[in-house]
Amino acid sequence: MKATIKAINHRLHRHVVPWVVRWWGITPLNTGSKIVLLASVLTSALVTGMKVATILEPAELFLFDRLVRSLPSEDLDPRMTIVGITEADIRQYGWPLSDQVLAQVINQIQNYQPRVVGLDLYRSTPRPPGSSELIEELANPNLVAIRNVGSTQGQSEVPPPPTVDRDRVGFNDFPTDSDGIIRRNLIFVRSQEGGYYSFALRVIMAYAGYSADALRAEENYLYLGDRAIPVLSAQDGGYQNVDSRGYQILLRYYTAQMPAQHISISQALSGQFDPDWITDNIVLIGTAAASLKDRFYTPFSFNQDNELTMPGVAIHGQMIRQMLDIVDGQLALYRFLPQWAEGLWLWGWCLAAGGLAWGIKRPSLLLLASSLLIAGLIGIGWLGVSRLLWIPLIEPTTGMIGTIAGVLAYKLLYRTTHDSLTGLPNREAFMGTIQQALHHRRPTEPPVIVAFMGIDRFKVINESLGHQVGDEVLQMMAQRLVQHMPPEAQIAKVGGDEFALLLTHLPSSEARDLIDRLQDALSEPFTLRGQKLPSTLSIGVAISQPELEHKPANLLRDAHTAMYRAKALGRSRFEVFAAGMLADAVNRLQLESDLLSALDNHEFLLYYQPIINLKTQQLAGFEALVRWRQKDRGFVLPSAFIPAAEETGLIMALGQWIFREACWQLRSWHDQFPQHRHLTMSINLSNRQFGQPNLIAQIETALQETQVNGHCVRLEITESMVMGDVDAAIDLMLKLKSLDLKLAIDDFGTGYSSLSYLHRFPMDTLKVDKSFVGRLEKSNEDRAIIHTILTLGQKLGMEVVAEGVETETQVAMLCQEGCDYGQGYFFAKPLPAADAFALLQKHPL
């Protein structure tokens, strides 16, 4: 079963997905886009689940209340007046008010011809005296009474006054949310008896002159005349599965307390009010005293303190004012996003937050950007509430935080498994990929092939053009690799300038053809900042063997070893690992390890090769050549340990020792053979020494310690060392000349020096490379080259030394050409100090 699923997945990635991408014209997403997209989708789904579970509802309602409180209060409604029973009224008239006092209040108000009087007081039983007067006042057709249907927790049904017609009675039922706050307005409830009208609805119908048949209730709308009132559903705004029975709307609060002018009972009875407040208006009569406990929590009750509660008559006033605006065609109803739009709203903010989390690297900037994003979201929410649009805020805020956390978590994981510069998997991740490939490979399947790729001469690019250019080259190389790799291949960056490739679907022969084609494709020069840069690769390949049990580290090591073999054989090629390569690599590592202790163990010594004056046949000097004699293995070839010393950096300490030792030896010979005071010592400088900041100080100290005259010491420098930065090289050579040293260009003719620069170099000697001298007898071209070099040296005032002289004929030809000095086996091999001492004894002046 597992194999079947794997095969299906392979085919989907290999055939179906690329076909769909091509058919739709979709641009493949990069890693960051994929992670942001995935994190936003998952977080959106999780937050939606939290909303369905009502986990976010308390926070959403709390934030909605904060936004409502932040809105400026509107002016008092001139269409309505509230007559409230205050604490002073209770002290003066007692509680409950007698029928007589209440009748007097209603009568006094009716004298000013209000359009509607809403009696927001329960009055189901007589409270004499004055019952008959009250019955008479309650009979007024513009009076609307109230009843309690008993749905409020802790209260039983309270009927309306028995003498008031049914069409002038409305129920008093405030839908209360789970946190005890009134945010909804229940307008109407259908029933078989024709339906139940809220107190506010009865007042509005009486005020606007609507008849009973003007109200029409449908499934999602309540129609009042030509006004359609959409009904609140269980998922609107920040609600989730709220009790939405009946016809409810979200209550709009215009003010924090009374929505209209208000007067006390005493003021009403004494006429201490503006008649315009009453005439043709709505007048509500209800309790306002806190001691009567007819007070409720609203969005303004942010700490649910009794002082911040709102009396029931004021809440009825808010409801009536909202419905007055609805009847007048003004904006008074809250609107809500549909479910699909709410989902897109949530996902969009998650995407934005994920993009910030992926794109911003500095934590402080990410914190600032995230804060600004959330502030922007709250600002949009505030604008929405001010326009009566409830936009969910806690959902996207939670989604943004979750998405940012998810993307940051992935970035942390990503950084541990991917290279930050190129975005490719790193060495550790690649090792895990090799392990999986080896684990799932069957004997009948193609082998696991690992290719190790290193950019040739990348160090030169870094040192000459800077690390920023080097980074750009690495990024461009990574892009090329991704572009030219088959879909099944796995690519990784496993070193500073090294990449690796894993192939598991090709036989060995096809894999070699692929790597061959790949090397050609990757060898196209880079064009960077208007400059073309070489981009050749050396590749090493390791192939798993069916009969062997491979480990990922060993397979990668073998490919690495093969790559170094490719570099050693000339670069820009690939080599397949063979068993002998590992032995060579181990030997090289052992050699480098032994080198590190060789200097401390005094295993290095100097040999001296004579330099002969061809005109006088006299001994002119020696060239100091380092030799390494190990206790166990004997002499190690310089061609083996010198490159290793260069790579390990030991050449700087070794070069310093060579210079000092050669100077001590020269001083000794000068003291022992006064007649050879002219004797010179040629000492080679390595590339690393030439770039050493304290080179001048080291040489000056050695000359002072050994008391050797600087003009007896000749430093040999190769052409490549001085052609990198010509001006810096000239400056260094002038400092060396200030120590009275002589300078020689070694192996002249094999490098790439320009004759236009040669005259600027403060050189004393040209040393002709032995490759020209060795072909002197057989090649007229080489003789012409030597003639040219000799002529050039004479014109520039330099002495010329021919290296590699091995025959008498070569000596004769060099003499004919006017060469100054010769050096080679014809005169003597490099000699230990004792043999050189004997040679000096045989050459008296």
Side-chain angles (χ1 to χ4, degrees), residues 26-27 29-71 183 232-242 250 299 334-414:
I26 300 173
T27 301
L29 297 175
N30 57 29
T31 301
S33 300
K34 291 177 183 177
I35 297 307
V36 171
L37 182 62
L38 179 62
S40 63
V41 169
L42 292 178
T43 306
S44 299
L46 178 62
V47 171
T48 302
M50 294 172 65
K51 179 188 177 184
V52 172
T54 69
I55 296 174
L56 300 179
E57 183 174 311
E60 196 73 72
L61 296 178
F62 173 80
L63 188 55
F64 174 76
D65 292 347
R66 293 295 297 264
L67 294 177
V68 169
R69 290 200 298 271
S70 68
L71 296 176
R183 300 183 182 89
L232 183 74
S233 71
Q235 286 80 31
D236 283 340
Y239 291 110
Q240 186 65 33
N241 299 324
V242 71
L250 193 66
Y334 277 95
R335 293 158 294 160
F336 312 97
L337 296 177
Q339 293 299 307
W340 62 267
E342 189 173 321
L344 288 178
W345 168 259
L346 168 61
W347 185 45
W349 287 100
C350 290
L351 274 177
L356 288 179
W358 184 267
I360 299 177
K361 296 181 179 180
R362 294 177 57 184
S364 57
L365 287 180
L366 177 58
L367 180 61
L368 176 61
S370 303
S371 301
L372 291 176
L373 195 65
I374 293 176
L377 171 63
I378 295 174
I380 294 173
W382 184 87
L383 287 175
V385 171
S386 67
R387 301 296 188 275
L388 299 186
L389 175 63
W390 189 347
I391 303 174
L393 299 181
I394 294 299
E395 287 179 61
T397 301
T398 306
M400 284 191 290
I401 295 173
T403 303
I404 290 173
V407 172
L408 290 180
Y410 182 84
K411 281 179 72 174
L412 182 60
L413 177 64
Y414 184 86

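Taking CH2 of Trp358 as the start and CD1 of Ile404 as the end, the distance is 14.5 Å to the nearest 0.5 Å. Here the CD atom belonging to Glu342 is positioned 10.0 Å from the CH2 atom belonging to Trp390, to the nearest 0.5 angstrom. Considering OG of Ser44 and CG of Leu351, their distance stands at 7.0 Å, rounded to 0.5 Å. Taken to the nearest 0.5 Å, the CG atom of Leu346 stands 12.0 Å off from the CD1 atom of Ile394.
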Without placing hydrogens or testing angles, list every side-chain donor-acceptor pair under 3.5 Å for residues 232-239, not counting sequence neighbours.
from, atom 1, to, atom 2, distance (Å)
Ser233, OG, Asp236, OD1, 3.0
Ser233, OG, Asp236, OD2, 3.1
Gln235, NE2, Asn241, OD1, 3.2
Asp236, OD2, Ser233, N, 2.8
Tyr239, OH, Asp177, OD1, 3.4
Tyr239, OH, Asp177, OD2, 2.7

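Within the 4.5 Å cutoff, side-chain heavy atoms of Pro392 are placed close to those of Leu337. In this structure, the side chains of Leu38 and Tyr410 stay at 4.5 Å or more apart for every pair of heavy atoms. Using a 4.5 Å heavy-atom threshold, the side chains of Leu368 and Leu372 count as touching. Between Leu63 and Thr397, the closest side-chain pair of non-hydrogen atoms is not below 4.5 Å.
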Would Trp345 and Leu377 count as a side-chain contact (heavy atoms from CB on, under 4.5 Å) here? Give the steps. CA-CA 11 Å; Trp345 168 259; Leu377 171 63; 3.3 Å; yes
side-chain contact (heavy atoms from CB on, under 4.5 Å) assessment of Ile35 paired with Tyr414: CA-CA 10 Å; Ile35 297 307; Tyr414 184 86; 5.9 Å; no
Evaluate side-chain contact (heavy atoms from CB on, under 4.5 Å) for Leu412 paired with Leu408, printing each intermediate quantity in order. CA-CA 6 Å; Leu412 182 60; Leu408 290 180; over 6 Å; no
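The nearest pair of heavy atoms linking Pro299 to Val68 is CB-CG1, 4.2 Å. Leu389 approaches Phe336 most closely through the heavy-atom pair CD1-N, 4.2 Å. Across Val407 and Ala39, no two heavy atoms sit closer than the pair CG2-CB, 3.8 Å. Nearest heavy atom pair, residue Ile360 against residue Ala369, reads CD1-CB, 3.7 Å. Counting all heavy atoms, side chain and backbone alike, Ile378 lies closest to Leu393 at CA-CD1, 4.4 Å.
Legend: side chain to side chain donor-acceptor pair (under 3.5 Å) pairs involving residues 59-71, not counting sequence neighbours, sorted by first then second residue: Asp65-Arg183, Ser70-Trp382. Listed by first and then second residue, the salt bridge (charged side-chain N to carboxylate O under 4.0 Å, His left out) pairs that reach into residues 344-356 come to none, sequence neighbours excluded. Within the structure, every pair that satisfies the salt bridge (charged side-chain N to carboxylate O under 4.0 Å, His left out) test and touches residues 383-395, not counting sequence neighbours, is listed here: Lys51-Glu395.
A distance-only check finds no donor-acceptor pair linking the side chain of Lys411 to the backbone of Lys361 [under 3.5 Å].
Ring geometry, Phe64 versus Tyr334: the interplanar angle exceeds 60°, so the pair is classed perpendicular (tilted spans 30 to 60°).
Take Ala352 and apply the side-chain contact (heavy atoms from CB on, under 4.5 Å) test, not counting sequence neighbours, and it matches Leu373. Taking the side chain to side chain donor-acceptor pair (under 3.5 Å) definition, one finds that Trp347 meets it with Ser40, sequence neighbours left out.
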